[in-house]
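Report on one structure; see the data block that follows.
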Number of protein chains: 2
Amino acid sequence: MYSIGELSKRTKVKVPTIRYYEEMGLLSEPERTEGNQRRYDAAGLERLSFIKHARDLGFSIEAISKLIELQGHPDRSCQAASEIAVSQLSDVRAKIKRLRALEKELVRISKGCDGAGVSQDCYVLASLADHKLCRHEH
Amino acid sequence: MYSIGELSKRTKVKVPTIRYYEEMGLLSEPERTEGNQRRYDAAGLERLSFIKHARDLGFSIEAISKLIELQGHPDRSCQAASEIAVSQLSDVRAKIKRLRALEKELVRISKGCDGAGVSQDCYVLASLADHKLCRHEH
DNA sequence: GTAGTGTCTCTAGTAACTAGAGGTTCAAGA
DNA sequence: TCTTGAACCTCTAGTTACTAGAGACACTAC
Ligand SMILES: [Zn+2]
Ligand SMILES: [Zn+2]
Ligand SMILES: [Zn+2]
Ligand SMILES: [Zn+2]
């Protein structure tokens, strides 16, 4: 049996976050000591590792909820899991695309100013004031 | 003079967001009609366009505050502006890096499951349960 | 038995908005 | 001039995924 602090050390998930996951329904309520402290078993540890891994990969709490629900029903179709993964991938790709556009623009903007001048002539400020100076869509 | 709705149309910033920017101190309080409605002049429109553009480029409200402050003092050094732009660029690059790592992993994960199977054998669920299946750092 | 650390619940704060309630003002047409 | 409907007002609360802090209790080791 692990205390919440033990679990935290093993999973690198902070203690308040573990409690938060419980409140959100991702973790089922663990046993308690007579003094009301949480005690987790191996299954609890596994479940939290799953959640941590999914969070690290950018899945939302809601998506993880659905995945865990599915995990609890081994004979159900995994179509939902596949859809969640695909949608997560396309989210990530959309974000990358947007960030690359921003990157290009920001490179131009920061190249245009070395910080040695004066606010009035600053290329950074001028660029923000006028989208027409932009070379790319964003 | 523009009403808040006019301003919203011209800048594509939603009405409640304009009020929010005012509350955050990004926009100075505009004149009001006798009936207490906001009326903006050309300077207000310009200011909001600046904010919108900076937000589109991912700058935080706090960063934009500093940039606007600088804009109000044309003879000050623009070093701060340069630093803000550089730091924004490196933020964006860090995010891209992380997302690319996630993308690789998610490609592997979603390729491993077409949704036709059953939860018990699902590669998506197995991958989330076991980081050792991962091919990349993330 | 006591000290010190860990744990408990509860509230509030973070970023940047967004939604809704309940009420007032404006502009245009009859 | 009157009316009607859209736009506007303030205020509160909700969103996401936590994080921080207060004040009190539990556990472990010496
Ligand atoms: Zn400059
Ligand atoms: Zn631009
Ligand atoms: Zn599957
Ligand atoms: Zn992994």
Side-chain angles (χ1 to χ4, degrees), chain A residues 1-27 29-40 44 47-48 50-68 84 87-88 91-92 95 98-99 102, chain B residues 1-27 29-40 44 48 50-68 84 87-88 91-92 94-95 98-99 102:
Chain A
M1 301 299 269
Y2 316 108
S3 70
I4 198 169
E6 257 311 292
L7 209 65
S8 171
K9 248 176 242 156
R10 284 167 194 260
T11 58
K12 317 277 181 203
V13 176
K14 287 177 192 147
V15 168
T17 305
I18 297 175
R19 290 198 273 250
Y20 170 74
Y21 288 159
E22 182 184 324
E23 202 182 307
M24 293 298 103
L26 290 191
L27 288 172
E29 297 187 10
E31 288 176 42
R32 300 275 183 144
T33 63
E34 283 193 15
N36 201 35
Q37 299 194 352
R38 290 167 179 81
R39 287 299 117 100
Y40 297 90
R47 164 76 50 100
L48 183 55
F50 181 97
I51 295 167
K52 171 69 155 61
H53 196 206
R55 286 295 299 132
D56 284 349
L57 287 165
F59 289 87
S60 71
I61 298 277
E62 199 193 341
I64 297 172
S65 261
K66 288 179 190 160
L67 292 169
I68 285 175
I84 287 168
S87 137
Q88 175 62 14
D91 275 16
V92 165
K95 279 183 187 148
R98 167 149 189 271
L99 288 172
L102 299 194
Chain B
M1 301 298 268
Y2 316 108
S3 70
I4 198 170
E6 257 310 294
L7 209 64
S8 171
K9 247 176 242 158
R10 283 169 194 260
T11 57
K12 316 278 180 201
V13 175
K14 287 179 194 149
V15 167
T17 304
I18 298 174
R19 291 198 274 249
Y20 171 74
Y21 289 157
E22 182 184 324
E23 203 182 306
M24 293 300 101
L26 291 191
L27 288 172
E29 297 187 11
E31 290 175 41
R32 301 273 184 143
T33 62
E34 283 193 14
N36 200 36
Q37 300 195 353
R38 291 168 180 81
R39 287 299 118 99
Y40 297 90
L48 183 56
F50 181 96
I51 295 167
K52 171 69 155 63
H53 196 207
R55 286 295 298 132
D56 283 350
L57 286 165
F59 289 88
S60 71
I61 298 277
E62 199 193 342
I64 297 172
S65 262
K66 288 179 189 159
L67 292 169
I68 286 175
I84 288 168
S87 137
Q88 174 62 13
D91 275 16
V92 164
K95 278 183 188 149
R98 167 149 191 271
L99 288 172
L102 298 195

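The sequence lines fix the lettering, A, B, ..., with proteins before strands; numbering per chain opens at 1. Every value quoted in this text rests on a predicted model; they were computed, and no experiment measured them.
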Round to a whole Å and report the spacing from [atom1] of [X] to [atom2] of [N].
X       : N      : atom1 : atom2 : answer
A:Tyr2  : C:dG6  : OH    : P     : 19 Å
A:Glu23 : C:dC8  : CD    : P     : 13 Å
B:Ile4  : D:dA6  : CD1   : C1'   : 15 Å
B:Glu6  : C:dT25 : CD    : P     : 21 Å
B:Met1  : D:dC8  : CE    : P     : 14 Å
B:Met24 : C:dG13 : CE    : P     : 13 Å
B:Leu26 : C:dC17 : CG    : C1'   : 12 Å

Using side-chain heavy atoms (C-beta onward) and a distance below 4.5 Å, is [X] in contact with [Y]?
X       : Y       : result
B:Glu22 : B:Pro30 : yes
B:Arg32 : B:Arg39 : no
A:Leu57 : A:Val92 : no

With sequence neighbours left out, the residues meeting side chain to side chain contact (heavy atoms under 4.5 Å, CB included) with B:Arg98 are B:Leu102
In short, side chain to side chain donor-acceptor pair (under 3.5 Å) pairs touching residues 9-21 of chain B with sequence neighbours left out are B:Glu6-B:Arg10
B/S/- along nucleotides 10-30 of chain D (protein heavy atoms under 4.0 Å) is B------BBS------SS---
Under a 4.0 Å threshold between the charged nitrogen and the carboxylate oxygen, would A:Lys95 count as salt-bridged to A:Asp91?
no
